[in-house]
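The structure under discussion appears below in the form of structure tokens.
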Protein chains: 2
Amino acid sequence: MNIPELQQKFNGQYKLTRQREIIFHTLTDHAGRHLSAEDIYNTVRQQYPEIGLATIYRAMELFNNLGIVQKLDFGDGCHRYELCDHHSRQHHHMICIVCGKVIEMAGYLPDKFEPDISHMNDFSILDYQLYFYGYCKECQSKYRK
Amino acid sequence: MNIPELQQKFNGQYKLTRQREIIFHTLTDHAGRHLSAEDIYNTVRQQYPEIGLATIYRAMELFNNLGIVQKLDFGDGCHRYELCDHHSRQHHHMICIVCGKVIEMAGYLPDKFEPDISHMNDFSILDYQLYFYGYCKECQSKYRK
DNA sequence: GTACATGCAAAAGATTTGCACTCTT
DNA sequence: AAGAGTGCAAATCTTTTGCATGTAC
């Protein structure tokens with residue numbers, strides 16, 4: 001995904017401001033990372049000190065609505081954002097329910113899984129998120145199964 | 001899941017208080033619903049007016065750590081809780097990224113999908129959550145794909 | 001008796017909002 | 001010019017925490 005594609009997604013309705021452009025670049029520069037609004041804020045601030053945190057939240061809401069980012073929840077008290085791209089469809093997250101550790105793993109849903117559902121519910125699917133919950137190696141002894 | 005099973009999960013370490021028992025019954029009485037802490041609080045309060053909201057949160061954290069409930073995030077500003085049971089492994093959630101509507105759908109991951117991963121990462125999986133994001137029928141016209 | 005649990009009120013955080021001002025198109 | 005977007009500060013809300021007291025085992 002690049003700036004012209006972003007413009008295209010904006011479809012004339014939303015404007016490509018300097019702030020949104022820098023935020024977008026922050027996301028592409030950290031592809032594969034799980035950035036919180038605060039993380040993005042701190043990064044963008046280095047290049048554009050006047051930026052407000054509210055702008056980050058507003059951009060994330062727009063990007064999420066347009067299917068540009070996924071909003072993730074690992075249960076650590078804030079939402080995290082990750083670009084939607086080919087890569088994002090091929091990894092999932094395992095979260096330790098005791099210590100909160102997040103482990104990424106490769107994998108994708110079986111091909112036939114998704115289209116069926118979409119058709120069944122008049123729901124146009126852009127993306128999905130698959131979370132596995134359990135005990136990481138270190139925490140397996142602390143809580144019983 | 002019933003009270004003796006709950007006791008067993010507590011494993012002598014955690015106590016079966018009247019509050020936890022009522023909270024637990026609230027969950028079983030509303031199986032299949034997606035209750036927020038506030039929802040649970042309001043329900044429990046009818047039967048046990050002295051209950052504090054903090055107790056709900058503390059119980060939910062414990063139940064989640066013990067694999068009794070799943071903590072869900074539909075992006076509506078609060079976490080929601082649902083009992084883990086056989087049923088919970090057989091449905092997923094579709095969330096409209098525009099209006100936030102949540103649609104449940106039947107389905108489960110292919111059997112062979114899960115164990116591989118667990119083994120691969122020394123991660124003992126209790127449960128998983130699969131979210132699909134897209135546009136519901138009503139919102140498909142508001143934002144472009 | 002001893003850990004563990006609770007209620008309350010305060011604190012902490014994340015996210016949202018109102019508003020005057022500015023910028024993209 | 002006009003609709004959108006922004007920064008700031010205040011407001012909102014959810015969730016957590018400290019502490020004195022109460023309770024299950």
Side-chain angles (χ1 to χ4, degrees), chain A residues 3-4 6-24 26 34-42 44-45 47-66 68-69 71-81 97 100 142-144, chain B residues 3-4 6-24 26 34-42 44-45 47-66 68-69 71-81 100 142-143:
Chain A
I3 295 294
L6 194 64
Q7 271 284 35
Q8 193 185 338
K9 291 226 177 200
F10 283 175
N11 193 31
Q13 188 176 3
Y14 308 105
K15 291 172 182 165
L16 183 58
T17 59
R18 173 110 190 276
Q19 290 90 329
R20 285 177 179 168
E21 198 169 338
I22 297 177
I23 290 170
F24 179 74
T26 298
H34 308 128
L35 302 174
S36 65
E38 195 79 31
D39 292 337
I40 298 168
Y41 178 56
N42 288 326
V44 172
R45 211 143 47 139
Q47 191 178 344
Y48 196 95
E50 322 84 285
I51 193 95
L53 183 52
T55 299
I56 310 291
Y57 279 107
R58 287 187 276 230
M60 288 304 104
E61 198 200 350
L62 177 65
F63 287 6
N64 187 49
N65 284 350
L66 292 173
I68 295 162
V69 300
K71 186 175 176 181
L72 307 169
D73 175 32
F74 297 139
D76 65 344
C78 65
H79 287 109
R80 294 176 174 279
Y81 304 89
I97 58 183
K142 293 189 201 158
Y143 282 80
R144 55 199 309 272
Chain B
I3 295 293
L6 193 64
Q7 271 284 35
Q8 194 186 338
K9 291 226 177 200
F10 283 176
N11 192 29
Q13 190 178 1
Y14 307 105
K15 291 169 184 168
L16 184 58
T17 59
R18 174 109 189 276
Q19 289 91 328
R20 285 177 181 170
E21 197 168 340
I22 297 176
I23 290 169
F24 179 74
T26 297
H34 307 130
L35 302 174
S36 66
E38 196 78 31
D39 292 337
I40 298 168
Y41 179 57
N42 289 326
V44 171
R45 213 144 46 140
Q47 191 177 345
Y48 196 96
E50 322 86 284
I51 193 93
L53 183 53
T55 300
I56 310 291
Y57 278 107
R58 286 187 276 231
M60 287 304 105
E61 197 200 349
L62 178 65
F63 288 6
N64 187 49
N65 285 350
L66 293 172
I68 295 161
V69 300
K71 186 176 178 182
L72 307 169
D73 176 33
F74 297 140
D76 65 343
C78 65
H79 286 109
R80 293 177 175 278
Y81 304 89
K142 292 188 201 158
Y143 281 82

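Keep in mind it's a predicted model, so treat the numbers as computed, not measured. Chain naming here is simple, since letters A, B, ... match the order of the sequence lines and numbering starts at 1 in each.
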Which value, rounded to the nearest 0.5 Å, describes the distance between [X] atom [atom1] and [Y] atom [atom2]?
X: A:Glu50; Y: A:Arg18; atom1: CD; atom2: CZ; answer: 7.5 Å
X: B:Leu35; Y: B:Leu72; atom1: CG; atom2: CG; answer: 10.0 Å
X: A:Lys71; Y: A:Asn65; atom1: NZ; atom2: CG; answer: 9.0 Å

How would you list, by chain and number, every residue that makes a salt bridge (charged side-chain N to carboxylate O under 4.0 Å, His left out) with B:Asp39, sequence neighbours excluded?
-> B:Arg80
Residues that A:Thr55 engages under side-chain hydrogen bond (donor to acceptor under 3.5 Å, both in side chains), provided they are two or more places apart |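 Residues passing side-chain hydrogen bond (donor to acceptor under 3.5 Å, both in side chains) with A:Thr55: none at all.
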Rounded to whole Å, please give me the gap between [atom1] in [X] and [atom2] in [N].
X: B:Leu62; N: C:dA5; atom1: CG; atom2: P; answer: 7 Å
X: B:Tyr41; N: C:dT6; atom1: OH; atom2: C1'; answer: 13 Å
X: A:Gln13; N: C:dT24; atom1: CD; atom2: C1'; answer: 14 Å
X: B:Arg45; N: C:dG7; atom1: CZ; atom2: C1'; answer: 13 Å
X: B:Met60; N: D:dT16; atom1: CE; atom2: P; answer: 12 Å
X: B:Ile56; N: C:dC8; atom1: CD1; atom2: P; answer: 12 Å
X: B:Leu66; N: C:dA5; atom1: CG; atom2: P; answer: 10 Å
X: A:Tyr48; N: C:dT22; atom1: OH; atom2: P; answer: 12 Å

Under the side chain to side chain contact (heavy atoms under 4.5 Å, CB included) test, residues paired with B:Glu38 that sit two or more places apart =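 Checked B:Glu38 against side chain to side chain contact (heavy atoms under 4.5 Å, CB included); matches are B:Ser36, B:Tyr41, B:Asn42, B:Leu53.
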Taking only residues two or more places apart in sequence, or in another chain, which ones meet A:Gln7 in a side chain to side chain contact (heavy atoms under 4.5 Å, CB included)?
-> A:Phe10, A:Leu16
Which atom pairs link the protein and nucleotides 11-16 of chain C when you take only N or O atoms and keep those under 3.5 Å?
{"unit_1": "C:dT15", "atom_1": "OP1", "unit_2": "A:His79", "atom_2": "N", "d": "3.0"}
{"unit_1": "C:dT15", "atom_1": "OP1", "unit_2": "A:His79", "atom_2": "ND1", "d": "2.9"}
{"unit_1": "C:dT15", "atom_1": "OP2", "unit_2": "A:Tyr57", "atom_2": "OH", "d": "2.5"}
{"unit_1": "C:dT15", "atom_1": "O5'", "unit_2": "A:Tyr57", "atom_2": "OH", "d": "3.4"}

Axis-to-axis angle across the helix from C:dG1-D:dC25 to C:dT25-D:dA1, five pairs an end, to 10 degrees?
->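 It works out to 50° between the end axes.
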Under the ring-ring contact (aromatic ring centres under 6.0 Å, His included) test, which residues partner B:His79, sequence neighbours left out?
->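 With sequence neighbours excluded, B:His79 shows a ring-ring contact (aromatic ring centres under 6.0 Å, His included) to no residue whatsoever.
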For C:dT24, does either OP1 or OP2 sit under 4.0 Å from a side-chain N or O belonging to A:Gln19?
->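 So the side chain of A:Gln19 is outside the cut-off, no N or O lying under 4.0 Å from OP1 or OP2 of C:dT24.
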side-chain N/O B:Arg58 vs C:dA5 OP1/OP2, d < 4.0 Å = no
Give me the atom names and distance for the closest heavy-atom approach of [X] to [Y].
X: B:Met60; Y: B:Val69; result: O-CG2, 4.0 Å
X: A:Ala59; Y: A:Ile23; result: CB-CD1, 3.8 Å
X: A:Tyr81; Y: A:Ala37; result: CE1-N, 4.1 Å

Between the protein and nucleotides 22-25 of chain D, list the N/O to N/O atom pairs that are separated by less than 3.5 angstrom.
{"unit_1": "D:dA24", "atom_1": "N3", "unit_2": "B:Lys15", "atom_2": "NZ", "d": "3.2"}
{"unit_1": "D:dC25", "atom_1": "OP1", "unit_2": "B:Gln7", "atom_2": "NE2", "d": "3.0"}

